[in-house]
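As structure tokens, the structure follows; a few thoughts come after it.
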Amino acid sequence: MVNDAQTLENLHTETRSFPPSPEFAEQANARAEMYTQAAADRLGFWREQAEHLHWDTPFTEVLDWSDAPVARWFGDGTLNACDNAVDRHVREGRGDRVAFYFEGEPGDSRTLTYSDMQREVSKAANALESLGVTKGDRVAIYLPQIPEAVVSMLACARIGAIHSVVFGGFSSDSLRQRIDDAQAKLVITADGGNRRGAHLALKPLVDAALAPSEANPTEAESVEHVLTVQRTGQDTEWTEGRDVWWHDVVEPASDEHTPVMVEAEHPLFILYTSGTTGTPKGLFHTTGGYLTGASYTHRVVFDLKPETDVYWCSADVGWITGHSYIVYGPMINGATQVLYEGVPNAPHEGRWWEIIEKYKVSIFYTAPTAIRTFMKWGEAIPNKFDLSSLRLLGSVGEPINPEAWMWYRRVIGGDRCPIVDTWWQTETGSIMISPLPGVTAAKPGSAQVALPGISAAVVDDDANEVGPGRGGYLVLDQPWPSMLRGVWGDRERYEDTYWSRFKGLYFAGDGAKRDADGDIWLMGRVDDVMNVSGHRLSTTEIESALVSHPWVAEAAVVGAKDETTGQAVVAFVVIRDDSEAANLEHHEVAVALREKVKSEIGALAKPRTVLLVSEVPKTRSGKIMRRLLRDVAEHREVGDVSTLANATVMNAIRDNMESGKADDD
Ligand code: PRX
């Protein structure tokens with residue numbers, strides 16, 4: 001719920017405004033008229049955007065909403081995503097343009113042109129076909145941020161197979177859950193990846209995921225092969241008949257392959273994301289509408305000039321940002337990009353700025369968490385590098401606080417680059433709310449306005465639009481081409497999660513406020529989803545990982561404000577009296593619990609703070625009152641406890657927290 005306190009807290013008035021410079025406005029891809037044009041004829045506007053793609057069979061119908069909330073966009077057209085992202089550029093004489101400057105963490109680099117990409121994806125597509133993968137089959141991809149990740153995704157798209165990329169930071173249990181749910185036929189992985197000078201193993205996690213385990217008594221039945229890229233040269237166990245090396249099957253394959261044209265509504269990919277309840281949801285996107293949204297937004301929001309810009313999105317391809325703004329949007333627009341394998345502080349804290357200097361990056365897209373981390377490290381570090389090539393900066397993943405916005409503008413953008421704060425979600429497929437560079441006067445901390453063609457509203461509990469300065473729920477009230485088409489195999493869950501809260505409106509799960517100018521400010525999730533470093537985590541998922549530890553009787557997890565990561569995971573845990581944990585130091589227990597979460601979900605979900613408590617606060621009907629725990633975790637006065645079954649429980653919890661009994665990572 002967006003409670004009053006939260007609304008009021010965010011009711012500050014932002015008076016700073018950064019109008020576009022006349023020079024930027026003059027050359028911008030975006031035009032103010034786009035808003036009026038799209039408002040006057042929304043479907044005509046989307047038709048025009050879709051016509052930027054190469055269609056094998058041109059569509060005649062724009063939108064069919066008769067099966068709402070499942071949309072059909074451009075339903076009678078056919079096309080291929082890889083053909084649009086790669087072959088088309090070669091066909092039209094752009095084959096020599098660099099598609100990727102790849103920078104490995106150990107310092108190795110590779111340059112791949114669009115012609116190189118065409119050869120690579122063709123070889124990979126032939127190899128996938130030789131492994132029996134065909135149109136409609138699902139392929140799980142569990143790779144580091146290396147060119148083969150992009151090639152694998154595009155090779156799937158080329159043959160009409162549906163990729164499901166699983167971020168390399170997820171555990172083998174999480175990987176297995178996703179493989180089973182999607183019934184993946186093939187897993188593409190690597191022996192390992194590079195992290196801060198060390199080798200991270202990936203293939204052993206795939207082996208563990210596929211093998212019988214405590215959580216899964218049987219082998220993963222759907223998987224026929226594991227295709228493994230050699231990245232680190234680590235020793236790797238091998239299952240004959242199942243495992244194949246990339247260099248044995250992809251390298252020798254023919255570099256000619258004809259893309260398989262698919263219907264516009266053919267699924268392109270599944271991506272799993274945390275929800276409020278149960279297991280992660282397999283959200284899926286289809287081809288024509290998704291590609292329309294990703295390429296249109298990339299063109300206008302990032303102002304891409306493909307002949308001259310060098311674009312870098314620092315996200316991992318394992319997240320939606322990597323799908324839409326590394327692979328599909330930029331490649332369809334013929335962008336030259338940087339792809340970087342590693343972290344920002346290896347081997348030194350200036351690594352990102354060094355990369356920007358080296359490749360003369362002109363457009364840079366990253367997350368507020370990264371910006372706040374750089375602020376902490378100090379501006380002397382970026383100041384050592386020549387960042388004068390930059391001309392536009394983007395932010396995504398979580399609300400950006402005005403201080404971080406101002407720092408980003410001044411220190412990284414030299415006070416000359418427009419900043420686009422882009423609000424969107426895995427579900428929306430592409431950016432929904434953002435300033436348009438060259439058009440919008442930017443306001444630090446606000447994502448501001450729905451893009452032309454997109455219709456957003458902030459509503460109260462009864463679905464009425466709120467007035468200026470009021471908080472409410474963010475909804476999208478018109479279908480859009482890149483909207484998710486559902487939860488894989490579960491239409492009911494799709495309808496329940498997104499369309500039942502407000503009839504006929506897409507409920508995003510975010511709180512928002514309109515200011516006096518009508519600009520939108522995002523205020524964070526209003527459900528039990530946390531946003532840690534721009535990664536979406538579910539409180540209930542982490543709670544169930546904790547209670548699966550034999551020491552744990554009960555657990556309650558909340559997201560608490562954190563200066564760097566936006567939110568941090570704080571766990572309140574009740575230990576069983578009869579367990580050995582009763583005789584251990586608090587810290588030892590906390591370490592073991594963090595390990596448990598890491599092995600069940602992945603390192604990204606590990607609680608920052610663990611507090612052992614004797615009871616968690618519950619209502620008389622047994623519902624955990626996370627609101628009160630959040631007060632404790634954020635060191636605020638504890639709110640109304642009148643609905644608690646045991647009103648005194650909060651005193652003990654608060655006293656323990658305030659007396660420093662919590663274990664911090
Ligand atoms: O809460 C919003 C937040 O991230 C959520 C979506 O997470 P995910 O599906 O993982 O996609 C992240 C990358 C698109 C949203 O519900 N969020 C994302 N961008 C912003 C944001 N919150 C505020 N401002 C943003 N620019």
Side-chain angles (χ1 to χ4, degrees), residues 29-30 34-35 38 42-43 45-53 62-63 71 73-74 79 81 84-85 153 157 163 165 264-265 267-271 273 283-304 311 313 315 317-335 337 363 365 367 392 394-397 420-437 447-456 474-486 498 506 508-510 520 522 534 536:
N29 290 350
M34 292 170 73
Y35 292 107
R42 208 169 53 84
L43 296 186
F45 178 83
W46 283 120
R47 171 194 301 275
E48 232 176 73
Q49 305 316 318
E51 281 168 356
H52 283 269
L53 299 174
V62 177
L63 170 66
W73 283 90
F74 320 117
L79 75 172
N84 271 278
M153 291 164 73
H163 58 73
V165 184
E265 285 299 336
L268 178 61
F269 65 86
I270 306 172
L271 200 51
T273 189
L283 307 184
F284 71 98
H285 284 279
T286 58
T287 309
Y290 170 78
L291 297 179
T292 299
S295 57
Y296 152 66
T297 52
H298 184 259
R299 198 164 52 239
V300 298
V301 174
F302 297 104
D303 193 51
L304 182 83
Y311 165 88
C313 165
V317 291
W319 306 112
I320 191 69
T321 308
H323 282 56
S324 302
Y325 298 109
I326 295 177
V327 181
Y328 293 108
M331 291 191 74
I332 286 173
N333 293 338
Q337 307 189 61
I363 304 172
Y365 192 28
L392 187 132
S395 170
V396 63
V420 288
D421 174 9
T422 62
W423 178 89
W424 59 295
Q425 311 176 290
T426 309
E427 289 85 344
T428 69
S430 63
I431 298 168
M432 299 282 105
I433 304 178
S434 166
L436 277 182
Q448 297 187 285
V449 274
L451 291 184
I454 302 298
S455 184
L474 181 70
V475 296
L476 300 170
D477 57 9
Q478 295 289 342
W480 64 100
S482 68
M483 66 198 292
L484 76 164
R485 298 301 194 265
Y498 303 105
Y506 170 83
D510 278 39
I520 296 175
L522 278 309
R536 220 162 123 168

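For the numbers below, each heavy atom of this structure counts, side chains included, while hydrogens, waters and symmetry mates do not.
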Atom [atom1] of [X] and atom [atom2] of [Y]: how far apart are they, to the nearest 0.5 Å?
| X | Y | atom1 | atom2 | result |
| --- | --- | --- | --- | --- |
| L271 | L484 | CG | CG | 11.0 Å |
| L53 | N84 | CG | CG | 5.0 Å |
| M432 | M483 | CE | CE | 9.5 Å |

Minimum heavy-atom separation for [X] to [Y], with atom names?
| X | Y | result |
| --- | --- | --- |
| L522 | A447 | CD2-CB, 3.8 Å |
| W424 | G429 | CZ3-O, 3.5 Å |
| V301 | S434 | CG1-OG, 3.6 Å |
| S324 | P330 | O-CD, 3.3 Å |
| A335 | H298 | CB-CE1, 4.4 Å |
| M34 | N29 | SD-O, 4.4 Å |

Derivation of the side-chain contact (heavy atoms from CB on, under 4.5 Å) call for I454 and L476: CA-CA 8 Å; I454 302 298; L476 300 170; 4.2 Å; yes

For residues Q49 and T292, is any side-chain donor paired with an opposing acceptor at under 3.5 Å? no

Looking only at the side chains, is there a donor atom on one of N333 and S295 sitting less than 3.5 Å from an acceptor on the other? no

Whether the side chain of T422 engages the backbone of I431 through a donor-acceptor N/O pair (distance < 3.5 Å, no angle test) should be reported. no

Does the S482 side chain pair with the main chain of T428, one donor and one acceptor, at a distance under 3.5 Å? yes

If you define the side chain from C-beta out and look only at heavy atoms, does anything of [X] sit under 4.5 Å from [Y]?
| X | Y | result |
| --- | --- | --- |
| L436 | V420 | no |
| M153 | V317 | yes |
| V449 | P435 | no |
| Y498 | L283 | yes |
| T287 | L79 | yes |
| L268 | L291 | yes |

The single option from Y290, W73, W480 passing ring pair (Phe, Tyr, Trp, His ring centres under 6.0 Å) against H285: Y290

Parallel, tilted or perpendicular: which fits the ring planes of H163 and H323, with parallel below 30° and perpendicular above 60°? tilted

Verdict with supporting geometry, Q448 and D421, side-chain contact (heavy atoms from CB on, under 4.5 Å): CA-CA 8 Å; Q448 297 187 285; D421 174 9; over 6 Å; no

Name all residues meeting the ring pair (Phe, Tyr, Trp, His ring centres under 6.0 Å) criterion together with F45; count only those two or more places apart in sequence or in a different chain, and write none if there are none. Y296

Taking ring pair (Phe, Tyr, Trp, His ring centres under 6.0 Å) as the definition, give me every residue that meets it alongside W423, ordered by chain and number, with sequence neighbours left out. none

Output, in order, the C-alpha distance, side-chain angles, deciding distance and verdict of side-chain contact (heavy atoms from CB on, under 4.5 Å) for T297 and L451. CA-CA 8 Å; T297 52; L451 291 184; 3.6 Å; yes

N-O pairing of E427 and R536 below 4.0 Å: yes

Measure from the ring center of Y325 to the ring center of F302 and say whether it is less than 6.0 Å. yes

Could I get the full list of salt bridge (Lys or Arg N to Asp or Glu O under 4.0 Å) partners for R299, not counting sequence neighbours? none

Yes or no on side-chain contact (heavy atoms from CB on, under 4.5 Å) for I326 and W319, after CA distance, side-chain angles and deciding distance? CA-CA 10 Å; I326 295 177; W319 306 112; over 6 Å; no

